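Just so it is clear, the values below take in all heavy atoms, side chains as well, and ignore hydrogens, waters and symmetry mates. First the proteins, then the strands, lettered A, B, ... as listed; each starts at 1. Computed from a predicted structure; not experimentally measured.
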There are 2 protein chains.
Amino acid sequence: MRADAQRNYDRIVEVAREVFREQGYDASLDEIAKRAGVGPGTLYRHFPARENLLDAVLKFWVDKVDVATEKALAHEGGDRAVLLNWFEEYVALISQHKGAPAKITSAIGNPDSPITTKCQVLTAANDRIIDRLRADGALRDEVDTIQVCRLVGGIATVADQGDLDADAVRPMLAVVADGLLR
Amino acid sequence: MRADAQRNYDRIVEVAREVFREQGYDASLDEIAKRAGVGPGTLYRHFPARENLLDAVLKFWVDKVDVATEKALAHEGGDRAVLLNWFEEYVALISQHKGAPAKITSAIGNPDSPITTKCQVLTAANDRIIDRLRADGALRDEVDTIQVCRLVGGIATVADQGDLDADAVRPMLAVVADGLLR
DNA sequence: CCACAATACGGAGACACTCTCCGTTTAGCA
DNA sequence: TGCTAAACGGAGAGTGTCTCCGTATTGTGG
């Protein structure tokens with residue numbers, strides 16, 4: 001990639017991260033272009049669809065997922081506490097900005113999505129937690145990773161769109177956890 | 001209301017019901033106006049916000065909710081079967097058109113929403129099912145109606161946005177049911 | 001160091017949607 | 001039938017998406 005192109009690409013992603021956080025995932029792309037000091041044509045050449053921009057914005061976020069997974073695996077307490085703690089982390093991870101939980105969750109299990117690699121990171125993280133709990137014999141047999149991602153993602157989506165706080169979310173996560181544990 | 005106003009109102013609702021079903025809840029309101037043979041001004045005078053139109057579209061739907069509730073209460077089988085059967089009905093009820101599960105679920109518990117009366121119908125229906133199961137001593141103590149609506153609504157939202165079919169939804173509903181039952 | 005592809009830029013503008021304002025029309029009553 | 005309150009409807013302003021193409025920049029080979 002040419003040096004000026006790289007510069008613009010990086011600048012757009014940086015600005016998009018900021019604007020998505022401020023205004024949510026529905027923010028105007030033309031405004032992002034303007035704030036980044038480029039024309040709309042430049043933005044759309046680098047990111048043909050909004051989701052491609054989201055994918056780029058989530059680049060460093062992958063590391064956060066890994067850190068959170070490690071922390072969850074190292075969590076003190078019983079299986080239920082581990083699972084609940086992870087669910088809260090998971091919700092926080094996919095709720096970085098308004099509209100993100102829905103976008104991410106609906107992309108899970110869809111290999112054609114521009115953010116499919118990010119979804120794989122998430123499902124892999126869930127796999128690790130689930131494997132650990134399964135090794136303890138704590139989970140029901142039919143538990144499936146993608147289903148878990150969707151269940152918790154659904155709660156995150158509802159919380160995002162209905163402006164619910166953590167106290168309203170926790171008991172819902174507990175229901176799902178209890179439905180998964182033996 | 002003047003007779004011509006009533007005529008236009010009814011016609012708009014009728015067309016909206018059709019268009020929402022065809023194109024989802026995000027359909028163009030100007031197109032609905034055009035198809036109904038009225039100017040956009042007329043549509044917006046009757047329905048200042050999109051949600052007001054949704055509210056009107058859902059008028060007869062209330063009866064369906066009541067019928068479905070009766071059927072669920074009369075369901076043969078144990079408590080788990082009753083609950084699962086109701087959840088499937090519930091998902092179907094709020095998934096009449098694309099985008100509806102999210103809109104309805106995020107309005108639950110929000111008295112300022114234009115569709116708040118419709119949400120009350122839904123929560124009342126859930127109350128009846130929950131009361132019945134609670135009378136059997138089948139539910140955990142901390143179960144709360146609004147939480148149940150949100151949990152199942154979250155699944156419906158994810159299914160709607162990710163184009164999941166009933167076979168993918170059922171096991172997720174089962175997890176929630178198991179988390180609610182003793 | 002320069003010329004010249006190849007690459008990238010950017011903004012004008014087409015298109016779509018939302019929503020309002022206000023001049024015109026119509027219903028229904030006296 | 002005539003009058004007034006109610007309702008209509010469409011032009012158009014505002015906003016956002018996305019493309020096309022003339023212009024500008026980069027970096028390489030001579």
**Study point:** Shortest non-hydrogen contact from A:Tyr25 toward A:Glu51
**Key:**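 For A:Tyr25 versus A:Glu51, the nearest heavy atoms are OH-CG, 3.4 Å.
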Practice item. Kindly give the heavy-atom pair with the smallest separation between A:Arg132 and A:Leu73, and that separation in Å. Key: NH1-O, 2.8 Å
Point to revise | Salt bridge present between A:Arg170 and A:Asp167 (N-O < 4.0 angstrom) | key: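 A:Asp167 and A:Arg170: salt-bridged.
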What's the [atom1]-[atom2] distance between [X] and [N], to the nearest Å?
{"X": "B:Tyr9", "N": "D:dA7", "atom1": "OH", "atom2": "P", "result": "13 Å"}
{"X": "B:Ile32", "N": "C:dA16", "atom1": "CD1", "atom2": "P", "result": "17 Å"}
{"X": "B:Arg45", "N": "D:dG9", "atom1": "CZ", "atom2": "P", "result": "8 Å"}
{"X": "A:Leu43", "N": "D:dC20", "atom1": "CG", "atom2": "P", "result": "16 Å"}
{"X": "A:Ile12", "N": "C:dC9", "atom1": "CD1", "atom2": "C1'", "result": "11 Å"}
{"X": "A:Phe47", "N": "D:dT17", "atom1": "CZ", "atom2": "P", "result": "15 Å"}
{"X": "B:Lys34", "N": "C:dA16", "atom1": "NZ", "atom2": "P", "result": "10 Å"}
{"X": "A:Asn52", "N": "D:dC18", "atom1": "CG", "atom2": "C1'", "result": "14 Å"}

Practice item. Pick base, sugar-phosphate or nothing for B:Ala33, based on heavy-atom distances below 4.0 Å to the nucleic acid. Key: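 Since no nucleic acid heavy atom lies under 4.0 Å of B:Ala33, the category is nothing.
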Practice item. Look at all strands and tell whether A:Pro48 reaches a base, only sugar-phosphate, or nothing, counting heavy atoms closer than 4.0 Å. Key: nothing
Revision key, fill the gap. Sorted by position of nearest nucleotide on DNA chain C, 5' first, the leading residue of B:Arg7 and B:Ala27 is B:Ala27
Practice item. Let me know, please, whether B:Pro40 or A:Ala3 comes out on the 5' side of the other along DNA chain D by nearest nucleotide. Key: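 So the residue in question is B:Pro40.
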With a 4.0 Å cutoff (strictly under), does any side-chain N or O of [X] reach OP1 or OP2 of [N]?
{"X": "B:Ser28", "N": "C:dT18", "result": "yes"}
{"X": "A:Arg50", "N": "D:dT17", "result": "yes"}
{"X": "B:Asn8", "N": "D:dC8", "result": "yes"}
{"X": "A:His46", "N": "C:dC9", "result": "yes"}

Review point. What is the ring orientation for B:His97 with B:Phe20, classed by angle as parallel under 30°, tilted 30 to 60°, or perpendicular over 60°?
Key: tilted
Can you identify which nucleotide, out of [options], has its nearest atom closest to the [X] side chain?
{"X": "A:Asp30", "options": "D:dA11, D:dT17, C:dT18", "answer": "D:dT17"}
{"X": "B:Asp4", "options": "D:dA7, C:dA8, C:dC9", "answer": "D:dA7"}
{"X": "A:Thr42", "options": "C:dG10, C:dG28, D:dA7", "answer": "C:dG10"}
{"X": "A:Tyr44", "options": "C:dC9, D:dT17, D:dG27", "answer": "D:dT17"}
{"X": "B:Met1", "options": "C:dC9, D:dA7, D:dT26", "answer": "D:dA7"}

**Study point:** Verdict with supporting geometry, B:Leu181 and B:Arg140, side-chain contact (heavy atoms from CB on, under 4.5 Å)
**Key:** CA-CA 6 Å; B:Leu181 295 163; B:Arg140 301 184 188 217; 6.0 Å; no
Practice item. Return yes if a side-chain donor-acceptor contact under 3.5 Å exists between A:Asn126 and A:Thr145, otherwise no. Key: no
**Study point:** Base of C:dA8 paired with side chain of A:Arg2 (donor-acceptor, under 3.5 Å)
**Key:**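 By the distance-only test, no, there is no pair.
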